[in-house]
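When reading the values below, keep in mind they use all heavy atoms of this one structure, side chains included, and skip hydrogens, waters and symmetry mates. Sequence lines set the chain letters: A, B, ... in the order given, protein chains first and strands last, and positions in each chain run from 1.
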There are 2 protein chains.
Amino acid sequence: MSKRPPITNRVKELREANGGLSQAALGEAVGVTRQTIIAIEQGRYSPSLETSFRIARLFGVGLEDVFGWEGD
Amino acid sequence: MSKRPPITNRVKELREANGGLSQAALGEAVGVTRQTIIAIEQGRYSPSLETSFRIARLFGVGLEDVFGWEGD
DNA sequence: ACGTCATGTCAAAAATTCTTTACACCGCGG
DNA sequence: CCGCGGTGTAAAGAATTTTTGACATGACGT
């Protein structure tokens, strides 16, 4: 049952905007693996709220500056 | 390894502010069970971003109006 | 007293997120 | 040419989220 969640994300953009942080470096910085970052960037599943918060706060922005809800 | 995530929530407040919506009714409205709502309200684990978005949007507010990051 | 609704707990199963490992491709510097 | 960093894919398993079902309690109305 794991469809693609109706969620958009700007992780890749933010990574590149922050001095070209690599997926591996981002993962390490927020405490998840590179695979997890890849899956999130590709929207393969909906991350946990905790992981989402960690990513947003690392970039110093709000949750909705990183993740969007399709159909707003 | 499932500790309590550093996340706060105002689900109960919002439920009561919206005409006393019950946990069961909220669950049904966002497509999860009553158990899930109870667990989220009690902060027993960090919900998926999708579930979080559905709850916030049902109340017509943003993600961070419902969930907060401890240590901001 | 009885029934019902709302909340809560417990436990086990199902589904999803996350990890680990391994391999592949591309662009670039040496 | 070769090595290396960065990205991508795949699959198995661990960990976490969510479901299902059962039972308990207090509040409330009849």
Side-chain angles (χ1 to χ4, degrees), chain A residues 1-59 61-71, chain B residues 1-59 61-71:
Chain A
M1 285 207 190
S2 43
K3 308 169 116 179
R4 273 198 132 67
I7 294 176
T8 63
N9 80 87
R10 304 201 320 211
V11 175
K12 186 169 192 173
E13 275 175 61
L14 289 164
R15 253 190 326 110
E16 289 165 351
N18 275 58
L21 194 60
S22 75
Q23 295 173 330
L26 170 57
E28 225 185 292
V30 301
V32 298
T33 64
R34 185 167 74 86
Q35 297 307 323
T36 298
I37 300 297
I38 291 175
I40 292 173
E41 284 191 0
Q42 298 182 346
R44 307 223 281 107
Y45 52 63
S46 150
S48 75
L49 191 53
E50 183 170 1
T51 298
S52 310
F53 257 123
R54 289 209 157 105
I55 293 173
R57 291 305 191 262
L58 180 81
F59 290 128
V61 301
L63 232 26
E64 305 219 23
D65 292 320
V66 182
F67 302 97
W69 186 242
E70 283 181 0
Chain B
M1 281 202 175
S2 43
K3 311 174 112 175
R4 259 203 145 70
I7 295 176
T8 63
N9 80 88
R10 294 192 210 147
V11 175
K12 187 169 192 171
E13 277 175 61
L14 289 165
R15 253 192 324 112
E16 289 164 351
N18 275 58
L21 194 61
S22 74
Q23 294 174 331
L26 170 57
E28 224 185 294
V30 300
V32 298
T33 64
R34 186 168 71 86
Q35 298 304 325
T36 299
I37 300 298
I38 291 176
I40 292 174
E41 284 191 0
Q42 297 180 348
R44 307 203 350 88
Y45 53 65
S46 147
S48 75
L49 191 54
E50 182 170 0
T51 299
S52 309
F53 257 123
R54 286 190 208 246
I55 293 173
R57 290 305 190 264
L58 180 81
F59 291 127
V61 300
L63 232 27
E64 305 219 22
D65 292 319
V66 182
F67 301 97
W69 185 242
E70 283 181 359

Please list, one pair per line, the donor and acceptor atoms closer than 3.5 Å that link side chains of residues 11-21 of chain A to other protein atoms, with sequence neighbours excluded.
unit_1: A:Arg15; atom_1: NE; unit_2: A:Glu41; atom_2: OE2; d: 2.7
unit_1: A:Arg15; atom_1: NH1; unit_2: A:Leu21; atom_2: O; d: 3.0
unit_1: A:Arg15; atom_1: NH2; unit_2: A:Glu41; atom_2: OE1; d: 3.3
unit_1: A:Arg15; atom_1: NH2; unit_2: A:Glu41; atom_2: OE2; d: 3.0

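Scanning for side-chain hydrogen bond (donor to acceptor under 3.5 Å, both in side chains) contacts around B:Thr36 gives B:Thr33, with sequence neighbours left out. Applying the side chain to side chain contact (heavy atoms under 4.5 Å, CB included) criterion to B:Glu28, with sequence neighbours excluded, gives no partner residue. Taking B:Ser46 as the reference, A:Ser48, A:Leu49, A:Glu50, B:Pro5, B:Ile7 meet the side chain to side chain contact (heavy atoms under 4.5 Å, CB included) condition, with sequence neighbours excluded. Remark: B:Thr8 engages B:Glu70 in a side chain to side chain contact (heavy atoms under 4.5 Å, CB included) (not counting sequence neighbours). With sequence neighbours excluded, the residues satisfying side chain to side chain contact (heavy atoms under 4.5 Å, CB included) with B:Glu64 are A:Phe53, A:Arg57, A:Leu63.
Taking every heavy atom of residues 14-33 of chain A and every atom of DNA chain C, pairs under 4.0 Å involve A:Gly31, A:Val32, A:Thr33, by number.
Pairs passing the ring-ring contact (aromatic ring centres under 6.0 Å, His included) check and including a residue from residues 3-30 of chain A, sequence neighbours excluded, do not occur. Listed by first and then second residue, the ring-ring contact (aromatic ring centres under 6.0 Å, His included) pairs involving residues 8-42 of chain B amount to none (not counting sequence neighbours).
Axis angle between the ends of the helix from C:dA1-D:dT30 to C:dG30-D:dC1, five pairs each and rounded to 10 degrees, works out to 30°.
Between A:Lys3 atom NZ and C:dA15 atom C1' the separation is 15 Å, expressed in whole Å.
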Spell out protein contact along nucleotides 25-30 of chain C as letters: B when the base is contacted, S when just the sugar-phosphate is, - when no protein heavy atom is under 4.0 Å; keep the 5' to 3' order.
------
Set out, line by line, the N/O atom pairs under 3.5 Å between protein and nucleotides 9-11 of chain C.
unit_1: C:dT9; atom_1: OP2; unit_2: B:Gln42; atom_2: OE1; d: 3.4
unit_1: C:dT9; atom_1: OP2; unit_2: B:Gln42; atom_2: NE2; d: 3.1
unit_1: C:dT9; atom_1: O4; unit_2: B:Gln35; atom_2: NE2; d: 3.1
unit_1: C:dC10; atom_1: N4; unit_2: B:Gln35; atom_2: OE1; d: 3.3

